[in-house]
Amino acid sequence: DGVQVIQGTPKVPLTETTLFLKLWRIKEGQQERTRATLFMVRPGLGDYVVKELIPDMELEPQAALDKTIAIAKRGDAKVVYLNADLARIPKPRGAVNA
């Protein structure tokens, strides 16, 4: 569909707007539910600009992925990272290490 889905955390700094979908399962009694969050991350002046697009909500995995791809197509994101660790994204060039 023109959107690349990659599992895991990026190994190189981001150079364009990218979506990050996180899925996890929780068990409530005998039932398992899938939760999802979606973030948009883009390079900024010194660090990344992070915006939450979908807060923690219950979604089936395929529905969450379909929604993410639709959002990517409407925006300018060509890449979606699945279950990436946002805290471990390599810093953009020019960012000062703190």
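Every side chain to side chain donor-acceptor pair (under 3.5 Å) that Asp66 has, sequence neighbours left out, goes to Gln62. Glu60 meets the side chain to side chain contact (heavy atoms under 4.5 Å, CB included) test with Ala63; sequence neighbours excluded.
Clustering ILVMFWY residues whenever any of their side-chain heavy atoms sit less than 4.5 angstrom apart, transitively, puts Ile6 in the very cluster that holds Ile89. Linking ILVMFWY residues whenever their side-chain heavy atoms come closer than 4.5 Å, directly or via other members, leaves Val49 and Leu86 in distinct clusters. With hydrophobic clusters built from ILVMFWY side chains whose heavy atoms lie under 4.5 angstrom apart, Val41 does not share a cluster with Leu53.
Going from atom CG of Leu59 over to atom CD1 of Ile54 covers 6.0 Å, rounded to the nearest 0.5 Å. Distance CG/Leu65 to CG/Leu82: 7.0 Å, rounded to 0.5 Å.
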Counting only pairs under 3.5 Å, give me each side-chain donor-acceptor contact of residues 31-40, with atom names and distances, residues two or more places apart or in other chains.
| unit_1 | atom_1 | unit_2 | atom_2 | d |
| --- | --- | --- | --- | --- |
| Gln31 | OE1 | Arg33 | NH2 | 2.9 |
| Arg33 | NE | Glu28 | OE1 | 2.6 |
| Arg33 | NH1 | Glu58 | OE1 | 3.1 |
| Arg33 | NH1 | Glu58 | OE2 | 3.3 |
| Thr34 | OG1 | Arg25 | NH1 | 3.1 |
| Arg35 | NE | Asp56 | OD1 | 2.9 |
| Arg35 | NH2 | Asp56 | O | 3.4 |
| Arg35 | NH2 | Asp56 | OD1 | 3.1 |

Contacts under 3.5 angstrom, residues 8-22 side chains, donor-acceptor by atom type, not counting sequence neighbours:
| unit_1 | atom_1 | unit_2 | atom_2 | d |
| --- | --- | --- | --- | --- |
| Thr9 | OG1 | Asp85 | N | 2.9 |
| Thr18 | OG1 | Glu16 | O | 2.9 |

Inset, instruction - Would you please test Lys91 and Asp47 for side-chain contact (heavy atoms from CB on, under 4.5 Å) and show each step? - result: CA-CA 7 Å; Lys91 294 287 184 194; Asp47 204 352; 3.5 Å; yes
Inset, instruction - Quick one: do Val3 and Val79 satisfy side-chain contact (heavy atoms from CB on, under 4.5 Å)? Show the steps, please. - result: CA-CA 6 Å; Val3 177; Val79 178; over 6 Å; no
